[in-house]
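Structure first, then comments.
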Amino acid sequence: MQSDAAQNIMDTALFILSKIVGFGLRVENWLILGFALCIFAMFAGRMKLAKWAGAITLIFTVLISVFPFGILLLHPLETAYPQNPLLDRVDGIVVLGGAEYITGTDHWGQTQLNHSAERLTETAALALRFRNAKVVISGGSGRLRDTFDATAGEPSGARDLLISLGVLPNRILWENRSRNTAENARYSLATAKPQPEQRWVLITSAFHMDRSLSSFRAAGWPAPVPYPVDYRSESFIGRIGWSPINNIELLNTAIKEHVGRLSYRIMGR
């Protein structure tokens, strides 16, 4: 019991730390800090610093608004594993949470999906193709405010959606304790109890697959087949244009994933 308690404390500490670091890495926060420094320097009478801070922040803002730098960072991650892998047998499917807009589902009483919707739509397609395969939805709440709420977890909207698309309820297992990828791997293993001779498929966003697969292997999963979905990178040239919101979101995703991969490798997760 003590080891489990210690593990939970460490997991919670790492989760909180990851949220703090993630907040600091967001590009829009860099821009706010740059303009804040400029204003502070002006009021402090340090006009040279104000000019440099303002100029650098403005140039950086224009560059990331026009050029989709996130594509350059995401493309190597998204091409690490083949898309649409050939499958002749599937005994189980694990899909990582994150495709559901939780507050929207809560508010409207109808499943609301976000940019990662393909995680669930491809899961449904695969489950309907291999009708004897179990489906594990892995994902609790990743919100910081739910850290100490034992009942928090993604609502059943993902499960409801799969059922509405034709997946039988008795095939679906829901793991709602995990808050990050390492916990996805560990808790879904306890939920699915995969056998060495079985073939399980892991579904998550393509940019997230490498880190996910490493975590699943570290947790003891018997070599799940990677099935990447939700591709974000495309032609860099084709995406050049004024699109600050999309480009910042893309760059945030890329930075978060690369930092996450590095930290997971250092910690052996």
Side-chain angles (χ1 to χ4, degrees), residues 15-44 46-81 83 96-104 112-119 142-145 179-181 204-212 214 228-266:
F15 173 70
I16 294 173
L17 178 61
S18 71
K19 289 298 182 180
I20 295 172
V21 172
F23 179 79
L25 290 173
R26 295 188 66 85
V27 175
E28 60 269 27
N29 292 335
W30 304 352
L31 300 180
I32 291 174
L33 286 175
F35 286 119
L37 176 60
C38 177
I39 293 172
F40 173 79
M42 289 176 62
F43 278 101
R46 302 184 63 178
M47 299 309 297
K48 185 174 182 180
L49 176 60
K51 290 178 181 179
W52 275 106
I56 292 173
T57 304
L58 178 60
I59 293 171
F60 182 63
T61 301
V62 172
L63 286 176
I64 63 175
S65 296
V66 174
F67 297 99
F69 294 113
I71 288 179
L72 300 179
L73 295 174
L74 289 177
H75 186 70
L77 301 179
E78 295 193 329
T79 55
Y81 300 94
Q83 63 268 43
L96 301 194
E100 187 175 353
Y101 177 42
I102 299 175
T103 55
Q112 304 293 305
L113 302 180
N114 56 34
H115 289 177
S116 299
E118 293 88 344
R119 295 189 187 190
R143 296 180 294 188
L144 190 59
R145 67 185 183 187
R179 298 164 296 186
N180 53 42
T181 308
T204 188
S205 300
F207 66 84
H208 187 54
M209 180 57 73
D210 186 63
R211 178 156 60 114
S212 300
S214 296
V229 298
D230 177 30
Y231 289 86
R232 306 291 178 89
S233 64
E234 49 188 90
S235 169
F236 178 81
I237 301 297
R239 284 284 298 274
I240 292 177
W242 187 258
S243 186
I245 295 177
N246 289 334
N247 287 351
I248 289 175
E249 181 181 0
L250 200 64
L251 189 54
N252 280 336
T253 299
I255 293 172
K256 177 184 176 182
E257 189 58 31
H258 277 282
V259 172
R261 288 175 75 240
L262 178 60
S263 64
Y264 269 45
R265 286 183 179 179
I266 292 174

Test item: W30 side-chain N/O and G24 main-chain N/O as donor-acceptor pair under 3.5 Å: yes

side-chain contact (heavy atoms from CB on, under 4.5 Å) partners for S263, two or more places apart: M267

Aromatic plane relationship, F67 with F236 - under 30° parallel, 30 to 60° tilted, over 60° perpendicular: parallel

salt_bridge(E257, R211) N-O dist < 4.0 Å: yes

Side-chain touch F207/L73, heavy atoms, less than 4.5 angstrom: no

I248: which of L251, L250, N252 passes side-chain contact (heavy atoms from CB on, under 4.5 Å): N252

Rounded distance (nearest 0.5 Å) linking atom OG1 of T253 with atom NE2 of H208: 11.5 Å

L49 and L37, any side-chain heavy atoms less than 4.5 Å apart: yes

P68 to N247 - nearest heavy-atom pair and separation: CB-OD1, 3.6 Å

Under 3.5 Å: donor-acceptor pair, side chain of N114, backbone of G98: yes

Minimum side-chain heavy-atom gap Y231-L74 below 4.5 Å: no

Under 3.5 Å, sequence neighbours excluded: what are the donor-acceptor pairs made by side chains of residues 54-66?
| unit_1 | atom_1 | unit_2 | atom_2 | d |
| --- | --- | --- | --- | --- |
| T57 | OG1 | A53 | O | 2.7 |
| T61 | OG1 | T57 | O | 2.7 |
| S65 | OG | T61 | O | 2.6 |

Contact list for residues 238-247, test salt bridge (charged side-chain N to carboxylate O under 4.0 Å, His left out), sequence neighbours left out: E234-R239

Verdict with reasoning, T181 to R261, per side-chain hydrogen bond (donor to acceptor under 3.5 Å, both in side chains): CA-CA 10 Å; T181 308; R261 288 175 75 240; over 6 Å; no

